[in-house]
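We're numbering straight along the sequence, starting at 1. When reading the values below, keep in mind they use all heavy atoms of this one structure, side chains included, and skip hydrogens, waters and symmetry mates. Predicted model only: the values in this text are computed from it and were never measured.
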Amino acid sequence: MLDINNIFEKGLPFDGHYKLIRLLSTAGGSADVWLAIDLNTIDESKDESRATKVVIKIYRPKNLIDIEGEYQFRKEFKKVFGCHHENIIQPTYFSIFEESPYLVLPFCPSGSSELLIGQLTDDSDIWKYIFEVASGLAYLHEHTPQIIHQDIKPANVLIDDNGNYAITDFGISAEMGGIGIESEDETGGTFAYMAPERFIEGTPPMPESDIWAFGATVYELITGDAPYGNEGGKKQTEGAQVPSIKQDIPDAIKELVYSCLAYNPKERPTARQIVDMVLKKRYSRNRKTIVIATTAIITIAIGMASYFIVNHSTDPEEHLNSLYVSADSIVSAQLVNIEDNDGIPSPENISEFEKAIVLLNKVLKDSPDSYPRKKTANMKIGTINELIEQTGEYEYTVRLVENARITEMEDSVIKYSLVLENKKLNINQLIQQLK
């Protein structure tokens, strides 16, 4: 039987070419996690500090597998090894040493998001965590064949060298449950992130259970405690409600976490829906900032212009015509620029259109019903607003197409590309109306 402590204490190589440096974690019920160096990467200087550091997850002796189990283990590793996404960290190698299976993974010196428990309080940091972990989950859930993690928790979300969050320990540990190797920790640690349906005998693995665990993880990072302590979703099967988040964070984050922790799996959002929601929120937030700043600047400018005109012109209609012509000139200039941008308005074009809207609204406010350009001004405002909205939806759809390509979801690429073409057609029609 494999004696890991003996190998470590005597400095013996593990499976011929790994030197165990220190024990990183024993929290899992089925395996121990070690920091090691790959002896094959030691150069002629013989300086071990320059060798490649790796993480080795060694399954404990009670998880010994037979020939059929070894075949399944290799099959699952091949499936996981084919996964490539910036928000997942997959094993780079696996083998079986003295009948004990083990996995080799990249070493992330920044550690896991366990370090952030109770510390994730900044709105932007929370959204970043939500987006990146959900992106990794969406990739796994949409993979062919589908991969269900079954052990999402702070310890299984690592912080890479760029400060991004990446899911690890996926696929194999979940799938091995069917070949005699435990996929669930014996300690209460994993139970804390187990969805209620996982406590019901006979329930098959499902992506919705990963979403519940994801919600419990975010909840703990914000509050410092898992929503139901070590009992996890079992408390929900007994009728317990989701404890409120007391921290001062946006309601949108709270509602998202609550929805992930819904008792009914069908009421939880999918990982893809979470990703899309954050993408849309980011776009809306940026657009709102631009609009507020632009409106403030233009309002000041209009006030100064109006003061000058009112005090130097005795003809009110001349004042209105001046405003209208200024707005029309802005729109015409942007239409020319848009033609040079493949027919799609840029953020700069949108900013200028918003200036034109401020001018046209001033025309509507100051003009009597008899003013001949009042109706045209109103129509232009409606068309420009529709153009801005369609442009926003176009940019959002571009992100969906890009994300679908990254996650290799060809059906989604085709679907969103068709939507993109329709949006572009709508934009072109609105531009023609403005001309």
Side-chain angles (χ1 to χ4, degrees), residues 28-31 59 62-63 65-66 68-83 85 88 90-91 101 103 133-134 136-153 156-157 167-217 226-228 230-240 242 259-275 407 409 411-412:
S30 59
Y59 289 88
K62 63 186 174 185
N63 296 312
I65 56 179
D66 56 19
E68 176 61 27
E70 180 178 344
Y71 168 79
Q72 185 68 18
F73 192 16
R74 294 180 186 278
K75 178 181 176 183
E76 293 305 327
F77 176 81
K78 288 174 64 178
K79 179 177 70 176
V80 170
F81 189 73
C83 294
H85 190 275
I88 62 174
Q90 74 269 49
L103 300 173
V133 179
L137 273 179
Y139 178 87
L140 296 177
H141 292 171
E142 295 167 357
H143 190 270
T144 303
Q146 186 181 58
I147 297 175
I148 299 171
H149 192 290
Q150 293 204 105
D151 199 18
I152 291 293
K153 56 184 177 182
N156 282 338
V157 177
I167 298 170
T168 190
D169 200 14
F170 62 89
I172 291 182
S173 61
E175 295 296 335
M176 288 194 303
I179 59 171
I181 294 183
E182 299 175 3
S183 62
E184 303 164 4
D185 288 352
E186 292 176 337
T187 66
T190 292
F191 289 163
Y193 313 97
M194 286 173 59
E197 62 272 8
R198 292 193 63 193
F199 291 90
I200 300 174
E201 187 176 354
T203 303
M206 61 178 72
E208 291 85 353
S209 299
D210 280 350
I211 297 300
W212 195 96
F214 171 64
T217 294
Y228 299 105
N230 288 336
E231 296 186 67
K234 184 178 181 181
K235 293 288 289 184
Q236 281 185 310
T237 65
E238 300 167 357
V242 179
S259 65
C260 290
L261 293 172
Y263 175 76
N264 186 343
K266 294 181 180 179
E267 295 178 0
R268 300 169 201 157
T270 65
R272 176 62 55 205
Q273 288 171 337
I274 295 172
V275 170
T407 54
M409 293 297 296
D411 290 345
S412 295

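- In this view, T217 satisfies the side chain to side chain donor-acceptor pair (under 3.5 Å) rule with no residue, not counting sequence neighbours.
- Shown here are the side-chain contact (heavy atoms from CB on, under 4.5 Å) partners of T270, two or more places apart in sequence or in another chain: R272, Q273.
- At least one side-chain heavy atom of C260 sits under 4.5 Å from a side-chain heavy atom of I274.
- A distance of 11.0 Å separates CZ in F191 from NZ in K153, rounded to the nearest 0.5 Å.
- Residues Y228 and K234 have side chains not in contact (no heavy-atom distance under 4.5 Å, counting atoms from C-beta outward).
- Atoms OG1 and CZ, on T237 and R198 in that order, are 14.0 Å from each other to the nearest 0.5 Å.
- Considering all non-hydrogen atoms of both residues, G215 and L261 come closest at C-CD2, 3.9 Å.
- At least one side-chain heavy atom of R268 sits less than 4.5 Å from a side-chain heavy atom of W212.
- One finds the CE atom of M194 at 12.5 Å from the CD atom of E231 (value rounded to the nearest 0.5 Å).
- Checking side-chain atoms of H149 against main-chain N and O of T168 turns up a donor-acceptor pair under 3.5 Å.
- Residues P265 and E197 come closest through the heavy atom pair CG-OE1, 3.7 Å.
- Scanning all heavy atoms of the two residues, the minimum distance from I88 to C83 falls at CD1-CB, 3.6 Å.
- Of all heavy-atom pairs between A216 and Y193, the closest is CB-CD2, 4.0 Å.
- Remark: side-chain polar atoms of D210 are paired, donor with acceptor, to backbone N or O of Q150 under 3.5 angstrom.
- Residues V242 and Q236 approach most closely at CG2-NE2, 3.8 Å, considering heavy atoms.
- Here the CD1-OG distance, from I152 to S209, works out to 11.5 Å after rounding to the nearest 0.5 Å.
- Here the straight-line distance linking atom CD1 of I148 with atom CD of E208 works out to 8.0 Å at 0.5 Å rounding.
- A 4.5 Å side-chain heavy-atom check between N156 and I167 finds every atom pair outside the cut-off.
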